[in-house]
Amino acid sequence: MPIIIPANSAISSGYDVANGLRFDQGSSTYLKRSLGTTTSQQKGTFSYWVKRSDLGDSQQIYSNEVANDNNRGYISFESNDSWRSVIVASGSTEIVVKTNRLFRDVSAWYHIVVRIDTTQSTSTNRLRLYVNGVQETSFETYQICDQNATLKIFEGGQTNKNLIGGIYASGSASNYLGGYLSEFVYCDGQTLDPTSFGEFDSSGIWKPIESVADLTFGTSGYYLNFQNSGALGTDVSGIGNTFTANNIAAIDQTTDTCTNNFATLNP
């Protein structure tokens with residue numbers, strides 16, 4: 001298992017992540033935007049660093065709804081603290097991937113890469129999950145879509161139903177994330193492995209790399225580094241796919257990041 005940066009410590013590296021964003025369940029914090037035209041509905045890569053603060057309930061990390069609740073895709077932590085992705089179309093489930101691994105360390109930052117490519121002939125390559133640079137292979141559920149399927153998690157056209165830190169359901173946002181996010185990246189139409197976002201140092205610790213800013217982001221991709229305290233959903237990829245902050249203030253910007261991990265109390 002890869003080493004993760006322990007609490008109350010910093011990674012000695014050439015690249016330091018300055019800021020993260022705190023998500024408070026009790027304050028219903030989330031980011032939202034309207035997802036427009038996408039490069040591909042078959043390929044995309046999500047990369048984010050997350051540090052949890054609330055355990056034991058369903059919390060959305062990313063979600064995209066198209067038309068209604070029966071047409072959506074999302075990435076979440078489940079009530080048993082596993083990681084799960086679900087994608088449905090016209091009420092029929094296309095993808096359900098749920099880990100056996102539980103994410104309960106509230107003192108650590110996890111780096112998670114979700115690599116989706118439905119054109120792959122091998123079914124287990126259509127959704128690949130990596131945690132701290134290592135591919136996850138142990139799943140409680142691994143129900144995958146048909147080859148070349150187009151997925152709702154990538155489909156644009158809706159208004160303000162593309163969320164980070166919550167899910168749009170039954171007319172409003174819910175299931176808010178409790179924790180911190182840092183270096184949140186989506187590469188539209190790209191299928192990338194973890195080395196596009198991080199690397200192991202000489203001590204075996206997985207750390208972020210600076211060249212993330214040089215990636216190809218596609219039409220609807222983005223890179224959120226949370227450095228603009230006045231607009232914490234700002235996309236710095238150069239494309240301009242900025243999110244609107246909801247119930248988030250400048251005080252929610254944090255210097256607790258994946259390269260400068262603060263000690264936290266374990267609830």
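Residue numbers run from 1 in the order of the sequence given. Both backbone and side-chain heavy atoms feed into the values below; hydrogens, waters and symmetry mates do not.
The backbone N or O of Asp256 lies less than 3.5 Å from no partner atom in the side chain of Arg22, so there is not a single donor-acceptor pair. Asn241 contributes a side-chain N or O that, together with a main-chain N or O of Gly221, makes up a donor-acceptor pair within less than 3.5 Å. Side-chain atoms of Thr257 come within 3.5 Å of backbone atoms of Val17 as a donor-acceptor pair (strictly under, hydrogens ignored). Side-chain N or O atoms of Ser79 include none that pairs as donor or acceptor with a backbone N or O of Asp57 at under 3.5 Å. Under the 3.5 Å distance criterion, the side-chain polar atoms of Glu210 are left unmatched by any main-chain donor or acceptor of Tyr15. A donor-acceptor pair is defined here as one N or O able to donate and one able to accept, closer than 3.5 Å; no such pair exists between the side chain of Gln147 and the backbone of Ser123. Without hydrogens or angle criteria, Gln59 side chain to Asp54 main chain gives a donor-acceptor distance under 3.5 Å. With Ser211 contributing its side chain and Ser196 its backbone, the two residues share no donor-acceptor pair below 3.5 Å. Judged by distance alone, with hydrogens and angles left aside, the side-chain atoms of Thr39 form a donor-acceptor pair with the main-chain N or O of Thr219 at under 3.5 Å. Of the possible donor and acceptor atoms, one in the side chain of Asn261 sits under 3.5 Å from a partner among the backbone N and O of Ser107.
Rounded to the nearest 0.5 angstrom, Tyr130 OH and Asp193 CG are separated by 6.0 Å. To the nearest 0.5 Å, atom CG of residue Leu163 and atom CD of residue Gln60 are 9.0 Å apart. To the nearest 0.5 Å, atom CZ of residue Arg128 and atom OG1 of residue Thr137 are 13.5 Å apart. If you take CD1 on Ile144 and OG1 on Thr122, they are separated by 12.0 Å, rounding to the nearest 0.5 Å. Taking CG of Leu177 as the start and CG of Leu31 as the end, the distance is 10.0 Å to the nearest 0.5 Å. Considering CG of Asn19 and OG1 of Thr254, their distance stands at 7.5 Å, rounded to 0.5 Å.
Between Val113 and Leu192, the shortest heavy-atom contact is CG1-O, 4.0 Å. Nearest heavy atom pair, residue Ile153 against residue Tyr74, reads CD1-N, 4.1 Å. When all heavy atoms of Ser27 and Asn247 are compared, the pair lying nearest together is O-CB, 3.2 Å. When every heavy atom of Ser121 is checked against every heavy atom of Arg126, the shortest pair comes out as O-NH2, 3.2 Å. Of all the heavy atoms in Gly240 and Asp235, the pair that sits closest is N-OD2, 3.1 Å. Ser34 and Asn160 get closest at one heavy-atom pair: OG-N, 2.9 Å.
Taking 4.5 Å as the limit, every side-chain heavy atom of Tyr62 sits out of range of all side-chain heavy atoms of Leu181. Here the side chains of Thr259 and Pro208 are in contact, with some heavy-atom distance below 4.5 Å. Residues Ser76 and Asn175 are not in side-chain contact: their nearest non-hydrogen atoms beyond the backbone lie 4.5 Å or more apart. Within the 4.5 Å cutoff, the side chain of Leu215 has heavy atoms near those of the Phe197 side chain. Looking at Glu136 and Thr99, their side chains come closer than 4.5 Å, going by heavy atoms from C-beta outward.
Sequence neighbours left out, the pairs with a member in residues 83-105 that pass ring-ring contact (aromatic ring centres under 6.0 Å, His included) are Phe77-Phe103, Phe103-Tyr110.
Aromatic ring pairs are classed by plane angle as parallel below 30°, tilted from 30° to 60° and perpendicular above 60°; the pair Phe243 and Tyr222 is perpendicular.
The hydrophobic clustering, which links ILVMFWY residues whose side-chain heavy atoms are closer than 4.5 Å, places Tyr30 and Ile167 apart. When the side chains of ILVMFWY residues are joined at heavy-atom separations under 4.5 Å, either directly or via intervening members, Leu21 and Tyr48 end up in a single hydrophobic cluster. Residues Ile164 and Ile112 share a single hydrophobic cluster, defined by chaining ILVMFWY side chains whose heavy atoms lie under 4.5 Å apart. Follow the hydrophobic side-chain contacts under 4.5 Å out from Phe154 and you reach Leu127 in the same cluster. Taking hydrophobic clusters as Ile, Leu, Val, Met, Phe, Trp and Tyr residues chained together by side-chain heavy-atom distances below 4.5 Å, Ile248 shares a cluster with Phe226.
Other residues, nucleotides and ligands place more than 12 heavy atoms under 6.0 Å from the NZ atom of Lys161.
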_Between Thr45 and Arg115, does the side-chain hydrogen bond (donor to acceptor under 3.5 Å, both in side chains) criterion hold? Intermediate values first, please._
CA-CA 5 Å; Thr45 304; Arg115 182 183 186 183; 5.6 Å; no
*Decide side chain to side chain contact (heavy atoms under 4.5 Å, CB included) for Val212 and Val185; before the verdict, give the C-alpha distance in whole Å, the side-chain angles of both, and the deciding distance to 0.1 Å.*
CA-CA 8 Å; Val212 166; Val185 179; 3.7 Å; yes
*Can His111 and Asn132 be said to form a side chain to side chain contact (heavy atoms under 4.5 Å, CB included), step by step?*
CA-CA 5 Å; His111 181 229; Asn132 299 327; 3.8 Å; yes
*asked:* Pair Asp117, Asn125 - check side chain to side chain contact (heavy atoms under 4.5 Å, CB included), show working.
replied: CA-CA 7 Å; Asp117 181 0; Asn125 286 341; over 6 Å; no
*Could you walk me through whether Asp24 and Tyr176 pass the side-chain hydrogen bond (donor to acceptor under 3.5 Å, both in side chains) test, one step at a time?*
CA-CA 8 Å; Asp24 177 24; Tyr176 305 104; over 6 Å; no
*Show the numbers, then the answer: is there a salt bridge (charged side-chain N to carboxylate O under 4.0 Å, His left out) between Glu78 and Lys98?*
CA-CA 9 Å; Glu78 291 300 286; Lys98 183 178 181 181; 5.3 Å; no
*I would like to know whether Lys207 and Glu199 meet side chain to side chain contact (heavy atoms under 4.5 Å, CB included); could you show each step before the answer?*
CA-CA 6 Å; Lys207 63 183 183 181; Glu199 64 185 1; 3.1 Å; yes
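Glu183 pairs with exactly one of Trp109, Trp49, Tyr223 by the side-chain hydrogen bond (donor to acceptor under 3.5 Å, both in side chains) rule, that one being Tyr223.
Residues that satisfy the side-chain contact (heavy atoms from CB on, under 4.5 Å) test with Gln42, not counting sequence neighbours, are Ser40, Thr118, Thr119, Asn148, Thr150.
A donor and an acceptor atom, one from each side chain of Asn64 and Gln158, are located under 3.5 Å apart. Side chains of Glu155 and Asn71: a donor-acceptor N/O pair is absent below 3.5 angstrom, by distance only. Under 3.5 Å, the side chains of Thr38 and Ser220 contain no donor-acceptor pair of N or O atoms.
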Result block: side-chain N/O donor-acceptor pairs under 3.5 angstrom for residues 86-95, not counting sequence neighbours:
none

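The pair Asp81-Arg52 meets the salt-bridge criterion, with a side-chain N (NZ, NE, NH1 or NH2) lying under 4.0 Å from an Asp/Glu carboxylate O.
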